[in-house]
Amino acid sequence: MQITSLNKTNWIRERFEKPGAIEFRPDEKRLILERLTRSTGFENFLAKKFTSEKRFGLEGCDIMIPILKEIIDRSTTLGVESVMIGMAHRGRLNVLANICRKPISDILGQFHGLKATDSGSGDVKYHLGLYMERLNRVTNKNVRITVVANPSHLEYVNPVVLGKARAEMYQRGDTTGCKVLPIIIHGDASFCGQGVVYESLHLSDLPNYTTHGTIHVVSNNQVGFTTDPRFSRSSRYCTDVARVVNAPIFHVNSDDPEACIHCARVSTDYRAKFHKDVVIDIVGYRRNGHNEADEPMFTQPLMYQRIRKLKTCMTLYSEKLIKEGVITAADYKAMIEKYDKICEDAWQESTKLSTMKYSSWIDSPWTAFFQGRDRLKMCPTGVSLDTLKNIGEVYSSPPPKEHKFEVHKGILRILALRRKLVESKLADWSLGEAFAFGTLVKDGIHVRLSGQDVERGTFSHRHHVLHHQTRDKVRYNSIEHLYPDQAEYSVSNSSLSECAVLGFEHGYSMANPNSVVIWEGQFGDFCNTAQCIIDTFIASGETKWVRQSGLVMLLPHSLEGMGPEHSSGRIERFLQMSDDDPDVFPDTCDCDFVARQLMDINWIVTNISTPANIFHALRRQVAMGFRKPLINFSPKSLLRHPLARSPFRDFNECSEFKRIIPDSKTAEKADCVTKLVFCTGKVYYDLFKEREDHEQDETVALVRIEQICPFPYDLIMKEIELYKSAELIWVQEEHKNQGCWSYIQPRFDTALIKKENETRCISYIGRKPNSAPATGNKVQFKTEYKAFMTALFGEMTEANKQRIERIVKDQQAKAKAATKAGKAELDAATKRSEHSLKHGKVPKPGKGAPSKDAPPKGAAGKPDGKPKDPKKK
């Protein structure tokens, strides 16, 4: 076991080495056999009725069902009220029938191929999840059992289960895991072979990710599909990966039911006492091939010659109990006949079924949330100026004097700059985020931000968590101290894992619709290592399993010369997985068009360029009457860009999320515009500067598409109609085979075909196709940039070059003069912050925050103002 704690080691020894430790009363032995009869009987019945159907039966590890039932029985006795189960396909139908008690007729109906009466594409029967509340007949206590739906990627459900369990612990106020129990069922080959297992285990003791102990049950077939253990792992045991967290591992013979049940009891008690992970390795076999249609003798002939001579565990244990006089042969026969009749009756009932509902297999129902709700109603997202001021003052102030908190001088300068922005009623990206989080927790919405280095921010823009400079483990987060009755704001640096942590946050978001759960990648391309979670859970979870999630993914994205791996968040992949039809023009006259578009899409993809828009986008996640994942390609250099700032009026009650941001500068003289340029994200600011340098402010219109998916057909049509004679151009900084081009081109074509007498088409300007996301050579990067800017604006004239030289010289002179004045002013502001810190003059938390059930406040909005002219500034 490699357990370093003497206390834990002695505790385990007492439960195994003490004389009489493994003893069962006759009634307990009878219960084990009854449960084993149901486990084996269910598989035998399916084998009889569906001889050629894939069902991934449990034969050979039938004892797993009695083990799970014993864990649940004992846990409910100890106070557990909710059990979360994650597992792959093997034995899933048996678990649904005998652990969750899903009506067997419904399970058998899945074999008949019934037509679904609700929307979605569904999934195969051995991937489906379930949510069930039932009375535990042994303990006479109610228990909620959830089996989380899982794709074919065996172990990737693990972090999802952990995140869902952690979220439910938060909702129940369960800080020690006494009420919620996660159980994860593994296969032997996948437990040692898939890296997500290791990543998930390493979350077990992290303060903001722990579930206070998970019980792992390994259904050890001693073969992986067709691969022998000697070819599939280098360790002696498949469970050796669990040794890295000092988890006790109990290897037990699957044909020894009493030893198995004893291990289940010890594991449950260990988890309840020590709140740590524990592993039960059920060493058994697989009676059939990988599925029931496989011939295992092709690859393991000697093993299967022996397996075919073995009696089932049920038969061996019944013979043992008959010999001991615990039961008679007649009792045993009656047990089998009783369960056979239950299955036969269910079979007859299943033949009467003509339809089914995907929603009857949902693992995360939000019944109370959806009941009586108008799903197309969009609550406003704007807030009052007073609220912004209060949040801004607290966010830009050092900790109060009573905290005796020594702040880094660099942080004091940052706080001073924030204070200047608040006084100027301007918000940069950090303030925009803080306004979103602060107003959400004010409205009673729990906010959780997670990912690598998110407390500070990859690019040092956030600094939500301040660290005492002379005392260890002393931290301060101003957003946690905005209002006396606010909801919790949790910001957590994660382990260096994308797959497990993103899966964890996805699971967390499934538990409660009234929360905003955010995962931020250190760089956008880091989502590469979480692709399985994105593809099989986030992108398609609602379609397959009727399960909604409001998860937010923030992926830093833009080409800034940082090389292939730190440039692109691979926006094209997310757009490719969007399920809107590019050839269908929607009904834009529908008064609920915007909400309906959002409700019908599988997720929302944005590339936001202003602090106000990220504010509204985050608040919109809970303002909708449904939940959708939000994938935002967040900025890097724009975090501090002087033009990427929003006035406070863009956050007020008369504002809302802007799906596109028109060019207010050229709108009044639209007839003079010769080129209408559509773009998204950071490249807009590059285009804005180049347009000014080329003196083409009146002839080139720049329109930002902030929400790329679902495509804003109605607003795009307005822009096309406004600039009737302009050439239509799409400009992107990404390579042609990447970025948004392949997504927006067919949708622009659909929109233009819809418009009568329209002969224009959209053309492309940007980088050429490439297999890598970006170059790592600075010279080549600048050459590529100049090429596509020249393609749009033409070569710079001599007059323009001379004008720019004069401007640069003037700016340099002014900069030198301003540096001295600015440094003096900043030093004075820093001293004021230090003085406030010393004398405790900081804003007090606001009074009278609304109740936790209050909806977000605000109202519908106005178009965005134009960026400030750098020359005027």
Side-chain angles (χ1 to χ4, degrees), residues 381-383 388 391-396 410-411 413-440 447 449 451-465 477-479 489 491 516 518-524 552-560 562 566 569 606-621 630-651 655 657-658 661 680-686 688 704 706-707 864-865 867-868 873:
T381 56
V383 298
L388 296 177
I391 295 171
E393 287 175 1
V394 176
Y395 183 59
S396 62
I411 297 294
R413 286 195 291 273
I414 291 170
L415 294 176
L417 288 170
R418 284 178 185 169
R419 176 59 65 91
K420 286 184 66 178
L421 283 170
V422 172
E423 290 170 354
S424 305
K425 295 184 180 179
L426 280 175
D428 62 1
W429 205 271
S430 175
L431 265 176
E433 280 186 349
F435 287 158
F437 299 157
T439 54
L440 285 167
V447 178
L449 173 61
Q452 295 158 17
D453 311 297
V454 295
E455 295 176 6
R456 191 204 74 169
T458 300
F459 309 100
S460 199
H461 79 288
R462 189 173 288 129
H463 292 286
H464 282 190
V465 177
N477 184 346
S478 60
I479 300 180
Y489 170 56
V491 54
V516 174
I518 306 166
W519 178 80
E520 181 177 68
Q522 195 177 76
F523 286 89
V552 178
M553 291 177 63
L554 301 180
L555 303 174
H557 169 93
S558 61
L559 274 67
E560 298 176 6
M562 298 182 72
H566 289 340
T606 57
N607 193 2
I608 293 171
S609 62
T610 69
N613 241 9
I614 190 65
F615 165 85
H616 289 292
L618 292 173
R619 285 182 56 78
R620 188 176 67 167
Q621 285 299 98
L630 169 64
I631 317 299
N632 181 59
F633 291 85
S634 49
K636 294 181 286 188
S637 61
L638 296 192
L639 296 173
R640 296 178 183 81
H641 199 292
L643 294 181
R645 291 178 178 173
S646 298
F648 277 21
R649 66 175 178 271
D650 288 352
F651 299 84
S655 62
F657 177 74
K658 298 178 178 111
I661 301 179
T680 184
K682 189 268 292 182
V683 75
Y684 164 78
Y685 294 95
D686 295 332
F688 185 87
R704 281 173 276 179
E706 300 278 286
Q707 177 183 290
D864 186 35
K868 290 188 176 180
K873 185 173 180 183

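Since the structure is predicted, the reported quantities are computational estimates derived from the model, not experimental observations. For reference, positions follow the sequence shown, starting with 1.
Counting all heavy atoms, side chain and backbone alike, Ser646 lies closest to Pro611 at OG-CD, 3.2 Å. Counting all heavy atoms, side chain and backbone alike, Pro635 lies closest to Pro556 at O-CB, 4.5 Å. Summarising the geometry of Glu560 relative to Ser558, their closest heavy-atom pair is OE2-OG, 2.6 Å, with the distance given to 0.1 Å. Considering all non-hydrogen atoms of both residues, Ala644 and Ser609 come closest at CB-O, 4.2 Å. Contact between Thr610 and Ile608 at its shortest, heavy atoms only, is O-CG2, 3.4 Å. In plain terms, the two heavy atoms of Glu520 and Leu449 that are nearest each other are CB-CD1, 4.4 Å.
With a 4.5 Å cut-off on side-chain heavy atoms, Val422 and Tyr395 do not count as touching. Under the 4.5 Å side-chain criterion, counting only non-hydrogen atoms from C-beta, Asp428 is not in contact with Arg640.
Note that CZ of Phe523 and NE2 of His566 are 4.5 Å apart. Values are rounded to the nearest 0.5 Å. For the atom pair Phe648 CZ and Ser424 OG, the distance stands at 8.5 Å (nearest 0.5 Å). Here Glu433 contributes atom CD and Ile518 contributes atom CD1; the two are 7.5 Å apart, rounded to the nearest 0.5 Å. Here the CG-CG distance, from Leu431 to Leu388, works out to 9.5 Å after rounding to the nearest 0.5 Å. Distance check: Leu421 CG to Ser430 OG gives 9.5 Å after rounding to the nearest 0.5 Å. Distance check, rounded to the nearest 0.5 Å: CG of Leu440 to CG of Leu618 gives 7.0 Å.
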May I have the step-by-step check of side-chain contact (heavy atoms from CB on, under 4.5 Å) for Thr606 and Glu706, ending in yes or no? CA-CA 6 Å; Thr606 57; Glu706 300 278 286; 5.9 Å; no
Worked verdict on Thr680 versus Phe633 for side-chain contact (heavy atoms from CB on, under 4.5 Å): CA-CA 10 Å; Thr680 184; Phe633 291 85; over 6 Å; no
Under the side chain to side chain donor-acceptor pair (under 3.5 Å) criterion, do Asp650 and Ser655 qualify, and how do the steps go? CA-CA 6 Å; Asp650 288 352; Ser655 62; over 6 Å; no
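Panel note: side chain His557, backbone Asn607; no donor-acceptor pair is recorded below 3.5 Å. Looking at Arg619, its side chain does come within 3.5 Å of a backbone N or O of Thr381 through a donor-acceptor pair. Of the possible polar contacts, one joining the Asn613 side chain to the Lys658 backbone as a donor-acceptor pair under 3.5 Å is found. Looking only at distances, no side-chain donor or acceptor of Lys682 sits under 3.5 Å from a matching main-chain atom of Ser637. Of the possible donor and acceptor atoms, none in the side chain of Arg418 sits under 3.5 Å from a partner among the backbone N and O of Gly392.
Ring planes of Phe435 and Phe651: perpendicular class, angle over 60° (limits at 30 and 60°). Between Tyr685 and His641, the ring-plane angle classifies as tilted under the 30° and 60° cut-offs.
Residues Asp453 and Thr458 have side chains that never bring a donor and an acceptor to within less than 3.5 angstrom of each other.
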